[in-house]
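Taking it in order: structure first as structure tokens, then the write-up.
Lettering follows sequence order; numbering is per chain, from 1.
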2 protein chains.
Amino acid sequence: MEKENVTIYDVAREAGVSMATVSRVVNGNSNVKQATKDKVLAVIDRLDYRPNAVARGLASKKTTTVGVIIPDVTDMFFSELARGVDDVASMYHYNIILANSDDSGTKELQVLENLLAKQVDGIVYMGNGLREQLRNQFSHSNVPIVLAGGVDEVNQIPTVNIDYTAATKDAVTKLIKNGHTQIAFIPGNMQQAINQKYRLRGYQEALEEAGIAFDETMVFDAQYTYNAGFELANELYATTATAAFVGADELAAGILNGLTDRGVNVPEDFEIITAINTKLTQITRPQLSSISIPMYDMGAVAMRMLTKLMDKENIENGHLSLPYGIISRQTTR
Amino acid sequence: MEKENVTIYDVAREAGVSMATVSRVVNGNSNVKQATKDKVLAVIDRLDYRPNAVARGLASKKTTTVGVIIPDVTDMFFSELARGVDDVASMYHYNIILANSDDSGTKELQVLENLLAKQVDGIVYMGNGLREQLRNQFSHSNVPIVLAGGVDEVNQIPTVNIDYTAATKDAVTKLIKNGHTQIAFIPGNMQQAINQKYRLRGYQEALEEAGIAFDETMVFDAQYTYNAGFELANELYATTATAAFVGADELAAGILNGLTDRGVNVPEDFEIITAINTKLTQITRPQLSSISIPMYDMGAVAMRMLTKLMDKENIENGHLSLPYGIISRQTTR
DNA sequence: CTGTTAGCGCCTTCAA
DNA sequence: TTGAAGGCGCTAACAG
């Protein structure tokens, strides 16, 4: 019952060859006579030999595993990215160590430490922004890193994103074209660079182009939760806003339902456009109009990029912007 | 810039002790004089030494990483479980290798192979049921395994679940009490043991207790998707059913919206109760009544159980049933 | 309390 | 085309 671990040495003995030869056939090395190769393969099969990846990792200094730092797997946006990462990873025979960071600086550092200790060959970092301290750690290590769905303010590290500024501008412009001048800007956490810098700029550019003055009271800070949105709806109700750009679907769903509960008709009295396009957009009633972000692809592309980096290939462009779209559903006219 | 990897040997030399001593302080071993301990710690700090977990794994035969086989991280139910698993794992200083299986038999086997090659100390398996072949592989390996949110028909492997039969029975009974006799049973994929055996039994028991004859035409097979539900709504509309038990929230949301679009009033004309209680239940309008499952806890408890197994502690009860509840929202009267 | 000495299982020159 | 031998970085007896 207790199958003792069979090692490369056992295989070698049984096959009457040296372990070097076994290693060669296991690793698909060219220079092995077909006959001995077959012989070895047969023994491997018979003994049910499975190469020990840990030993292999120690000897070869490659673990074929990559670390994935994610704020929270239960977040629909990030889990979709993670799926893209894993699919491409397994395509290239890598495994992923997934570590939740809760977007907390200290947790991230600790997680990174673990990952490096485990000798991961590369790291995919997800987060709403890259903190100073973490960026330092990254640059101190020799492991390649790619950011997926997050921005690096100093553009030091390869990233895969969409053009958040342009997307936000497009979305807001759409609202403006529908006749709105009082447009609430509710991107989520305003501390995050992605909101504070990129999205806000897009919002402002859209206003400017339309000759609408920027009004600070139209900017709202919020948690990325349904309840935060639901409560924010009351606040919103008391303003002169007639439309809103919202940075996340759950938040938008909360706002939508909160507004609806107060008797506001969406989109007749109030229009909403959200920024992510998760499944939620189809489930709310009315359905949420949204910027469509290729989440899965962002993860997949980031991982693909990482494989190149790990192979020491040159990356032509380290800052990819994937295409996005705008999907009109029922919360816009 | 290129920091050569500092090894335990470097630390030993710098501190003027043997590597064994360094190993001792790194591993918090008792028998080290405080003075030398401090000395070593200082050097470790100065050299920025980080133990190589791969080497450690090879020498100690423990990798402090566990494998997590998950159908799909983007599934709200499973990602919630995964979060529970990861939190407890990191609490016990384990990392998790997450691998998506798409609930596919061949992928699962392949993933398991990888995990075992990587010498994981344990495995948390998530899935809607445990396939014969996989169970065999499990029992052939010496790695402890626990199922989270999935059933093992032969109760061979430790599991953490809720009592699906009882929960379904409660939910259906609630519907019956509200006056329904034509209750659709839409658990999702009827091939899965969890539906075919456990939930179906609960449904039947509830009917039986109420003296209602089981009607096969009230049983519907469906994919776990919003669209499947949306389309099923039409089918449902054509039957005499006046209420439904649904096995998953997305599916339920689809049914709800589909019915609503056809002019059916929920809950006045039709009641729905769903089986998971993800965030979706609060987002739909009307909000979905639901069985509440402690997803996060299931993952957490499963992982905690696994730590015990990995420590070779005895498990009193290998088949845990966590408490569940029924939350009445707006799709039931 | 500390050092010495074998490995852990595999990869990888270097010779043959 | 194959084998021998030396690590990879660390743990774990076993001495002292």
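- In the helix from C/dC1-D/dG16 to C/dA16-D/dT1, the rotation axis of the first five pairs and that of the last five pairs differ in direction by 30°, rounded to 10 degrees.
- Under 3.5 Å, the side chains of A/Thr74 and A/Asp72 contain a donor-acceptor pair of N or O atoms.
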Tabulate below the donor-acceptor pairs under 3.5 Å that side-chain atoms of residues 91-98 of chain B make, not counting sequence neighbours, or state none.
from    : atom 1 : to       : atom 2 : distance (Å)
B/Tyr92 : OH     : B/Arg304 : NE     : 2.8
B/Asn95 : OD1    : A/Lys118 : NZ     : 2.9

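- For A/Ser101, the side chain to side chain donor-acceptor pair (under 3.5 Å) test picks out no residue, with sequence neighbours left out.
- Annotation: side chain to side chain contact (heavy atoms under 4.5 Å, CB included) contacts of B/Asp87 (sequence neighbours excluded): B/Arg83, B/Tyr296.
- A side-chain N or O of A/Asp38 and one of A/Gln34 form a donor-acceptor pair less than 3.5 Å apart.
- Looking at residues two or more places apart in sequence or on another chain, you find a side chain to side chain contact (heavy atoms under 4.5 Å, CB included) between A/Asn136 and A/Glu132.
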Q | Under 4.0 Å protein heavy-atom contacts per nucleotide of nucleotides 8-16 of chain C, with B for base, S for backbone only and - for none | A | BBBBB----
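- Dashed line: the shortest gap from a side-chain N or O of A/Thr21 to OP1 or OP2 of D/dG3 is under 4.0 Å.
- In this structure, the side chains of B/Asn128 and B/Asp103 come closer than 4.5 Å at one or more pairs of heavy atoms.
- Residue B/Asn314 qualifies as open at atom CG: its count of foreign heavy atoms under 6.0 Å is 12 or below.
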